[in-house]
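Structure first, then comments.
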Amino acid sequence: MSILVTGGAGYIGSHTCVELLNAGHEIVIVDNFSNSKPESLKRITELTKKEYKFYEVDLLDASELEKVFSENEIDAVIHFAGLKAVGESVEIPLHYYYNNITGTLVLCEVMKKYNVKRLVFSSSATVYGMPEQVPISEHFPLSATNPYGRSKLVIEEILGDLYISDPEWSIVLLRYFNPIGAHSSGRIGEDPNGIPNNLMPYITQVAIGKLTELYVFGNDYPTIDGTGVRDYIHVVDLANGHIAAIQKVLESTGFNTYNLGTGRGYSVLELVSAFQNVSGQKIPFKIVERRSGDIAICYADATKAKDELGWVAKRGIEEMCGDSWKWQKQNPLGYESQKESLVGRNH
Ligand code: NAD
Ligand code: UFG
């Protein structure tokens, strides 16, 4: 009786694995390390002192994936595995469609073959496109503004069709808002490749001295201070949303969608200010042009998750900033090099 976690070595996956193990679930992890490192798996063991099975498998490889299902009693799947960089998806769309959509098709085919019909899927607030109002509810119109977002939208529709074809399936789509933060131990966290695209890892890399200053993309939006507003959510709260969702798919059949956010928005400058207060580090920044494709304001109406899953985000912006900073400070090079990162910590 195990839960299969695809993409379990990644940022959200590793935090969710820790919470699943702590909640007493047995898990099997599948990852191809295309955007993660084996070290994150070691740290899951270190933090939980629990055992789990791991397979280095690409979801696109159906026969290798079948082995995972034939060697384990899988009850349900949490499907994180996917590529997620918006800019890169514009440059290499076919790769994104192939990896994200075909990967999901292969997974669902194998699940069907092994009669495993319970699935929690990582979707994104990006499927709301340019929302006309906030807070954003699950019934708002959907659209995509880039290939990454379109891959999520297409997968949502495919999973809807799958449920229509066979109502024995139990599928939950989780639309995440902006995950930041890290485990409170500072042992697992977000480890982006190269220069970060997202705000929080960029801020922490400025704070640690890897980057010189933050570029704030526009200060002429109709917001409190002109900078973009987002619903930042602590990754451990997000991970716990998956514990609630897995309970739901194990207990009932159906097709349900939930926003996972806090319901509150912060501007770029508000986040910078909170980070400076918590960390004591100055974050130099420069206002530059708007980033193409960005929206002004995005935050969730998360009442459906509260009412139906009994889940609410508990951690505030200070805790999010403090935990992101702790992870960055303790792991200045991410998971890259143990030796070098220890040297970094002594400075
Ligand atoms: P991540 O890149 O850290 O984790 C994804 C993991 O999937 C990585 O470990 C990667 O190696 C693995 N993977 C990718 N393709 C694979 C394949 N074909 N076979 C096996 N493993 C594969 O990303 P994350 O931030 O943890 O995001 C997890 C999921 O949540 C993704 O689907 C992402 O699109 C979605 N999401 C993330 C955010 C965010 O801001 N982080 C927001 C909304 C939705
Ligand atoms: N920002 C900056 N400077 C930076 C990075 C970001 O000013 O260097 C600003 C952006 O303009 C935006 C805010 O900070 O106003 C947040 O930007 P992020 O890139 O951190 O996050 P986004 O809301 O643009 O997108 C993220 C993920 C998407 C996902 C979406 C909703 O990257 O994949 O959240 O979940 F779809």
Side-chain angles (χ1 to χ4, degrees), residues 5-16 29-38 40-41 55-61 64-65 78-87 89 95-96 98-100 102-104 106-107 121-129 136 144-146 148-149 151-152 155 174-180 189-193 195-203 205-206 211 213-219 221 223 227-233 235 238-239 259-261 265-269 271-272 285-298 300:
V5 183
T6 77
Y11 173 44
I12 306 169
S14 57
H15 288 81
T16 303
I29 300 178
V30 162
D31 205 298
N32 66 355
F33 298 126
S34 57
N35 196 38
S36 53
K37 309 259 165 35
S40 71
L41 297 178
Y55 292 80
E56 186 171 346
V57 163
D58 192 314
L59 283 191
L60 297 163
D61 186 339
E64 283 296 302
L65 191 61
I78 306 183
H79 178 31
F80 291 106
L83 298 171
K84 62 165 184 178
V86 172
S89 81
H95 185 56
Y96 267 67
Y98 187 52
N99 190 75
N100 293 3
T102 309
T104 304
V106 171
L107 173 67
F121 172 65
S122 298
S123 190
S124 166
T126 192
V127 299
Y128 295 114
I136 299 170
T145 52
N146 55 67
Y148 165 69
S151 76
K152 292 292 179 194
I155 295 168
L174 297 177
R175 294 182 182 146
Y176 314 152
F177 281 68
N178 289 56
I180 61 170
E190 186 172 13
D191 184 18
N193 284 327
I195 296 175
N197 299 307
N198 297 118
L199 181 59
M200 182 53 98
Y202 203 105
I203 290 176
Q205 293 198 11
V206 171
L211 297 168
E213 62 181 341
L214 170 70
Y215 301 108
V216 175
F217 300 140
N219 67 348
Y221 287 107
T223 64
T227 64
V229 167
R230 295 291 182 277
D231 187 338
Y232 297 99
I233 172 168
V235 68
L238 193 65
N259 285 340
L260 295 185
Y266 287 91
S267 74
V268 175
L269 295 183
L271 188 70
V272 168
F285 67 85
K286 192 198 286 172
I287 307 288
V288 297
E289 289 292 288
R290 289 182 179 194
R291 180 172 66 180
S292 128
D294 270 357
I295 54 178
I297 308 181
C298 175

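Reckoned from all heavy atoms, side chains included, excluding hydrogens, waters and symmetry mates. Values in this document were obtained by computation on a predicted structure and should not be read as measured data. Indexing begins at 1, ligand by ligand and atom by atom, following the structure's order. In this chain, residues are counted from 1 in sequence order.
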Going by distance only, is there an N or O of Val30 that falls short of 3.5 Å from an N or O of ligand 1?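 The answer is no, given that Val30 and ligand 1 share no N or O pair closer than 3.5 Å.
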Please confirm whether Leu59 comes within less than 3.5 Å of ligand 1 when only nitrogen or oxygen atoms on both sides are compared.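 Such a contact does occur with ligand 1.
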With heavy-atom distances below 4.0 Å as the criterion, list the atoms of ligand 2 near [X].
| X | value |
| --- | --- |
| Phe177 | 31 (C), 35 (O) |
| Asp294 | 10 (C), 11 (O), 24 (O) |
| Arg291 | 10 (C), 17 (O), 18 (P), 19 (O), 24 (O) |
| Asn197 | 5 (C), 19 (O) |
| Val216 | 7 (O) |

What residue and heavy atom of the protein are closest to [atom], and at what distance?
| atom | value |
| --- | --- |
| atom 22 (P) of ligand 2 | Asn178 ND2, 3.6 Å |
| atom 33 (O) of ligand 2 | Tyr148 CE2, 3.3 Å |
| atom 17 (C) of ligand 1 | Asn32 ND2, 3.3 Å |

Could you name the option among [options] that has the heavy atom nearest to [atom]?
| atom | options | result |
| --- | --- | --- |
| atom 30 (O) of ligand 1 | Tyr96, Phe80, Tyr55, Tyr176 | Tyr176 |
| atom 7 (O) of ligand 2 | Phe217, Tyr266, Tyr221, Tyr176 | Phe217 |
| atom 35 (C) of ligand 1 | Phe33, Tyr11, Tyr148, Phe121 | Tyr148 |
| atom 14 (C) of ligand 1 | Ser14, Ser89, Ser34 | Ser34 |

Close-contact set for ligand 1 against Ser124 heavy atoms, below 4.0 Å: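 Numbered from 1, ligand 1 contributes 43 (C), 44 (C).
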For Ser123, atoms of ligand 1 separated by under 4.0 Å from a heavy atom: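 Heavy-atom distances to Ser123 below 4.0 Å select 43 (C), 44 (C).
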For ligand 2, which is the ligand I care about here, please tell me if [X] has any N or O atom under 3.5 Å from one of the ligand's N or O atoms.
| X | answer |
| --- | --- |
| Val268 | no |
| Tyr202 | no |
| Leu199 | yes |

Assign the ring pair Phe80 / Tyr176 to parallel, tilted or perpendicular, where the plane angle (0 to 90°) is split at 30° and 60°.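 If you compare the ring of Phe80 with that of Tyr176, the planes turn out tilted.
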Between Asn99 and ligand 1, find which residue part has any heavy-atom pair under 4.0 Å and reply side chain, backbone, both or neither.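 It is the side chain that touches ligand 1; the backbone stays farther off.
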So which bit of Tyr232 gets within less than 4.0 Å of ligand 2, heavy atoms only: side chain, backbone, both or neither?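 It is the side chain that touches ligand 2; the backbone stays farther off.
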Residue pair Asp31 / Ser36, side-chain donor-acceptor N/O under 3.5 Å: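 Result is yes, a qualifying pair exists.
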